[in-house]
Amino acid sequence: MADVQKDVPFKSAQVEALVVIKIVKHCSASFPTTATGSLVGMDNEGVLEITNAFPFPTVDVANTDGHQNDASSLAAAAPRAKANIAYQNEMIKHLKEVNVDANNVGWYTSATMGNFVSLNFIENQYHYQRDNDKTVALVHDVSRSSQGALSLRAFRLSPEFMAAYKEGKFTTESLQKSKLSFKDILVEVPVIVHDSHLLTTFLHQMPTLPETAEIPLPTSLNDISRDPARLPANPSFDALDLSIDPFLEKTCDLLLDSIEAHYTDLNNHQYYQRQLTREQFKITQWQTKRKAENAARVAAKQAPLPEDEWQRLFKLPQEPSRLEGMLNARQVEQYSKQVDGFTAAITSKMFAVRGNLLPE
């Protein structure tokens with residue numbers, strides 16, 4: 001989990017329960033296609049209050065296997081599309097007419113197994129954060145939430161990465177000068193789910209299921225005080241399951257894919273370094289030869305030849321951007337933390353029953 005830095009303009013993101021339900025419903029209905037939408041709310045004394053959300057219009061793409069990737073990529077880039085920007089402004093205009101919070105405070109997106117760190121995610125958040133620093137990106141993991149545990153996280157880009165992305169230079173020299181690493185890309189903001197006091201009171205006063213078909217009515221106030229309403233006990237035996245979490249296997253597969261992509265990016269950069277070394281060696285040879293020729297011409301009292309012609313004769317290879325490698329390294333870190341979280345629960349249960357698992 002990314003650390004919350006001191007220069008963040010707000011300390012936490014408070015999301016209304018109704019907004020959470022809207023996001024979960026939209027992301028679940030669009031799964032496995034990426035779902036995106038806009039968030040509205042206000043900043044209140046260091047707390048970003050998210051009070052409403054609405055989805056972006058769906059992309060009309062044929063629902064076939066061949067077009068699945070096209071639909072996902074178009075949906076992932078929807079927050080910065082011109083048509084959706086106009087749609088968002090029109091929705092905010094209508095919200096102002098009904099006197100509700102109508103300040104854009106970010107956007108939300110769906111994810112699968114924590115796979116959300118991509119160039120589209122960075123570009124979308126940069127699009128929002130460039131105009132308004134008090135914006136956030138909510139990430140809802142549909143796969144993890146389907147198991148009964150809500151996965152809703154808030155991220156924003158760090159000021160260092162915003163400055164580097166604005167310059168558009170992600171070379172080795174610029175990264176060394178700014179000391180920017182993959183850990184400095186995203187800043188995670190704590191998420192607080194907020195309920196109204198009326199709803200909270202109702203949930204705490206929900207009675208248990210009756211034990212008998214006929215419920216005896218109380219005869220006095222003393223009977224009610226002596227036997228108050230009890231919260232329902234909902235025991236769950238899922239925590240005692242010793243089977244390996246299926247998400248652990250899928251996350252390990254995704255982790256291996258990210259590691260392979262990292263090695264591919266590393267090989268491309270090494271190829272660039274070999275090409276650069278080869279061209280620099282040719283330039284050095286040409287300069288040495290030209291200096292020898294000029295020394296001979298000077299001795300023969302002839303005009304020396306220009307020594308900067310190598311800039312026209314030789315072309316140095318352009319260094320590939322290191323942004324993709326940084327994003328991939330950040331995604332590897334995300335998968336590694338998920339694996340660590342999965343194995344912690346499984347390992348503790350295995351140690352608890354190891355006496356029955358070891359052969360006698």
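Atoms considered below: every heavy atom in the structure, side chains included; atoms not considered: hydrogens, waters and symmetry mates.
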Search all heavy atoms of [X] against all heavy atoms of [Y] and return the closest pair with its distance.
{"X": "T135", "Y": "Q129", "value": "OG1-CA, 3.5 Å"}
{"X": "V136", "Y": "A154", "value": "CG2-CB, 3.6 Å"}
{"X": "T34", "Y": "S110", "value": "CA-OG, 3.5 Å"}
{"X": "Y87", "Y": "P55", "value": "CE2-O, 3.5 Å"}
{"X": "V105", "Y": "L48", "value": "CG1-CD1, 3.8 Å"}
{"X": "L157", "Y": "L186", "value": "CD2-CD2, 3.6 Å"}

Rounded distance (nearest 0.5 Å) linking atom [atom1] of [X] with atom [atom2] of [Y]:
{"X": "I122", "Y": "M326", "atom1": "CD1", "atom2": "CE", "result": "9.0 Å"}
{"X": "F182", "Y": "Q331", "atom1": "CZ", "atom2": "CD", "result": "12.0 Å"}
{"X": "I283", "Y": "R278", "atom1": "CD1", "atom2": "CZ", "result": "13.0 Å"}
{"X": "L138", "Y": "T36", "atom1": "CG", "atom2": "OG1", "result": "12.5 Å"}
{"X": "L256", "Y": "Y335", "atom1": "CG", "atom2": "OH", "result": "11.0 Å"}
{"X": "C27", "Y": "L152", "atom1": "SG", "atom2": "CG", "result": "9.0 Å"}

[X]-[Y] co-clustered via ILVMFWY side chain contacts under 4.5 Å:
{"X": "I92", "Y": "I85", "result": "no"}
{"X": "V40", "Y": "V98", "result": "yes"}
{"X": "I50", "Y": "V193", "result": "yes"}
{"X": "V24", "Y": "V15", "result": "yes"}
{"X": "Y271", "Y": "L266", "result": "no"}

| query | Does the pair K291 and N294 meet the rule for a side chain to side chain contact (heavy atoms under 4.5 Å, CB included), with working shown? | reply | CA-CA 5 Å; K291 288 180 180 179; N294 286 338; 5.7 Å; no
Backbone N or O of [Y] within a donor-acceptor pair of the [X] side chain at under 3.5 Å?
{"X": "S28", "Y": "K25", "answer": "no"}
{"X": "N328", "Y": "S258", "answer": "yes"}
{"X": "H140", "Y": "S151", "answer": "yes"}
{"X": "S12", "Y": "V47", "answer": "no"}

Judged by modelled atom types alone, do [X] and [Y] share a side-chain donor-acceptor pair under 3.5 Å?
{"X": "Q88", "Y": "S38", "value": "yes"}
{"X": "K134", "Y": "N103", "value": "no"}
{"X": "R290", "Y": "Q287", "value": "no"}

For the pair [X] and [Y], find out whether any cationic side-chain nitrogen is under 4.0 Å from an anionic carboxylate oxygen.
{"X": "K183", "Y": "E333", "value": "no"}
{"X": "R297", "Y": "E293", "value": "no"}
{"X": "R156", "Y": "D133", "value": "yes"}

| field | Check: F161 ring centre within less than 6.0 Å of Y126 ring centre | value |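 No, the ring centres sit 6.0 Å or more apart.
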| query | Would W107 and F121 count as a close aromatic pair, with their ring centres under 6.0 Å? | reply |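 Between W107 and F121, the centre distance is under 6.0 Å.
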| Plane angle bin for F56 and F54 - parallel if under 30°, tilted between 30 and 60°, otherwise perpendicular |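 Rings of F54 and F56: perpendicular, as their planes differ by over 60°.
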| task | Begin with the C-alpha distance, continue with both residues' side-chain angles, and end with the deciding distance and a verdict on side chain to side chain contact (heavy atoms under 4.5 Å, CB included) for L150 and V20. | result | CA-CA 9 Å; L150 177 65; V20 175; 3.8 Å; yes
| field | Neighbour count above 12 (heavy atom, 6.0 Å) for Q270 CD | value |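 Yes, enclosed.
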| message | Is it true that, when you exclude Y263 itself, more than 12 heavy atoms of the residues, nucleotides or ligands shown sit nearer than 6.0 Å to its OH? | response |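 Atom OH in Y263 is not packed in, count stays at 12 or less.
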| said: Before you tell me yes or no, could you show the steps for L39 and I23 under side chain to side chain contact (heavy atoms under 4.5 Å, CB included), namely the whole-Å CA-CA distance, both residues' side-chain angles and the distance that decides it to 0.1 Å? | reply: CA-CA 10 Å; L39 303 173; I23 293 175; 4.2 Å; yes
| query | Which is it for V187 and F155 under the side chain to side chain contact (heavy atoms under 4.5 Å, CB included) test, yes or no, and what are the steps along the way? | reply | CA-CA 6 Å; V187 178; F155 295 93; over 6 Å; no
